[in-house]
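To find a chain, count down the sequence lines: A is the first, B the second, and so on, and within it residues start at 1.
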There are 2 protein chains.
Amino acid sequence: MKPIDPNPVSNTANPPGTTTVTEQGKAEKNTQDPYVRRILEAARELFIASGLEAVSMHAIAKRAGIGQGSLYRRFSDKGEICSMLLRDSTERFLTGLEHELVFPEAGSGALGHLRSSIGRIVDFIEQHAELLQLIKSEFTGKKQLTQFEHPFFRRLNEFLKELLVRAAASGEIPAIDPQFTATALIAVLSPDLYLFQQKQYGSTKEQITAGILALFVDGLQPL
Amino acid sequence: MKPIDPNPVSNTANPPGTTTVTEQGKAEKNTQDPYVRRILEAARELFIASGLEAVSMHAIAKRAGIGQGSLYRRFSDKGEICSMLLRDSTERFLTGLEHELVFPEAGSGALGHLRSSIGRIVDFIEQHAELLQLIKSEFTGKKQLTQFEHPFFRRLNEFLKELLVRAAASGEIPAIDPQFTATALIAVLSPDLYLFQQKQYGSTKEQITAGILALFVDGLQPL
DNA sequence: TGGATCAACGGACAATTGTCCGCTTAGCAA
DNA sequence: TTGCTAAGCGGACAATTGTCCGTTGATCCA
């Protein structure tokens, strides 16, 4: 597909032991690359000015003062640009959730933890529904992937699975398939469903949260 | 957007009382229109020959021996063509489900009915996952809609809601929000999740069905 | 300092989607 | 039959996406 994008910082050989650059590492690096900054800055300005849909890749390249090819070398579609623009938010959000996995609040158990996390996730989805939706549609369109394969949802999936495993281990819920249940939870937490319920039935955030909790927390408690 | 497509069968004034043509009616009519038949036939042939993705609207028009404009007048995108190609299957399937709503099997109650229906829906999704997926992505791309707004999922939603209402009325499950629960069920039954579980974890149809039942049938039973 | 090398730049280009509009032709009245 | 009207056909066109390749400029060595 696209040629491998080598580390643009320096042409000298990599110091031993650092040859493999993780996806994460690459993305972090990108954010500091002034070239990438220009692109992201241009995109943000245009998005704010005209809305997400109205902005073309060509327009972003032009605004950033670079060619089409150069833009596509960094970002293979608009969804990837959105991903990067959301990166700070998602990173902070996921890190926060994962941090609590290491130092859980005492007292409420894994199921209580799940309950409060779902609330926070719904908050986050609500805040970023539109961008997340665009990320998803670009992502699934080009690369034949489902939303579940997006890095953000992957990490969320792992997080939820861990909570479910803990709840099962401590006997708070019966032994269900934690992998499947976590994915199902992601499906229900997706911006898609949120936006639909809101638009179609005028559901509030509280109603949606309650519905999810009834299914995935209360519903799982031992009979 | 596109000019209203009047009933192509006759130019004479409509008989009184039949002026409003339902979406349903329009679609039924289309299927019989030889012009539309040609398009669907061409599309089917090309799809079989080259796969869904590889076929362009232009190619379909060319194969059908008509112009681009004429093609777009009938079908605003590839997803709509797929919808129509699947129409017979979905119609038969939904009619079957809805029929049982009127004449339910005695003995198992609404919850048992829900259980068996979910099994049948998963079967159907499995059979048509690829086409349904394409329908969804085209649909959501152009018209800013979520998968839940597609006629097929709408009807499925209504069906599931009715079963949930009955189960709640007969005391088999607690009084949950049937509308939300039905939509959540759709989200979990979507081809997206099915394909992901299958591809990523090699899940079988039985495992997926079991996971759904655990959440939406067993999980809802009174505590 | 000068030349060789090569990564990466960016614009031109092909492919696709969806719209628009001039022309054809079917249907009707005289 | 002839002329009128309008439905709708279909190709040309604009817009967008994503790729390819000729060119540029930085780095390194002599």
From the list D:dG10, C:dT17, D:dT17, which nucleotide is the closest neighbour of the side chain of B:Lys78? C:dT17
Whole-Å distance separating the CG atom of A:Leu71 from the P atom of D:dT16: 15 Å
Students often mix this up, so state it plainly: with edges at 30° and 60°, are the rings of B:Phe124 and B:His128 parallel, tilted or perpendicular? tilted
From the list D:dG10, D:dA12, C:dA12, which nucleotide is the closest neighbour of the side chain of B:Ile66? D:dG10
Tell me: CD of A:Gln68 to P of D:dG22, nearest whole Å? 19 Å
Salt bridge flag under 4.0 Å for residues B:Glu41 and B:Arg44: yes
Carboxylate-amine/guanidinium proximity below 4.0 Å for B:Glu158 and B:Arg154: no
What integer distance in Å separates A:Ile60:CD1 from C:dG10:P? 16 Å
Take atom CZ of A:Arg38 and atom C1' of C:dC9, then tell me their distance rounded to the nearest Å. 12 Å
List in chain and number order the residues that pass salt bridge (Lys or Arg N to Asp or Glu O under 4.0 Å) with A:Lys78, two or more places apart in sequence or in another chain; answer none if no residue qualifies. none
Using whole Å, what does the distance between atom C1' of nucleotide D:dG10 and atom NZ of B:Lys62 come to? 14 Å
Nucleotide D:dT16, atom P - distance to CE of A:Met57 in whole Å: 13 Å
Does B:Ser70 reach a base, just sugar-phosphate, or nothing at all? Heavy atoms under 4.0 Å. base
Could a donor-acceptor pair under 3.5 angstrom be found where the side chain of A:Arg73 meets the base of C:dG10? yes
Testing the 3.5 Å rule here: is there a donor-acceptor pair between the side chains of B:Thr95 and B:Glu98? no
With respect to the side chain of B:Tyr72, which nucleotide from C:dG10, C:dG18, D:dC9 is positioned closest? C:dG18
Rounded to whole Å, CD of A:Glu53 lies from C1' of D:dA15 at a distance of 15 Å
Residue-phosphate contact under 4.0 Å: A:Arg74 side-chain N/O, C:dC9 OP1/OP2: yes
Measure from CD on B:Glu80 to P on C:dT17 and round the result to the nearest Å. 14 Å
Can you tell which of C:dC9, C:dT16, D:dT16 lies closest to the side chain of A:Ser56? D:dT16
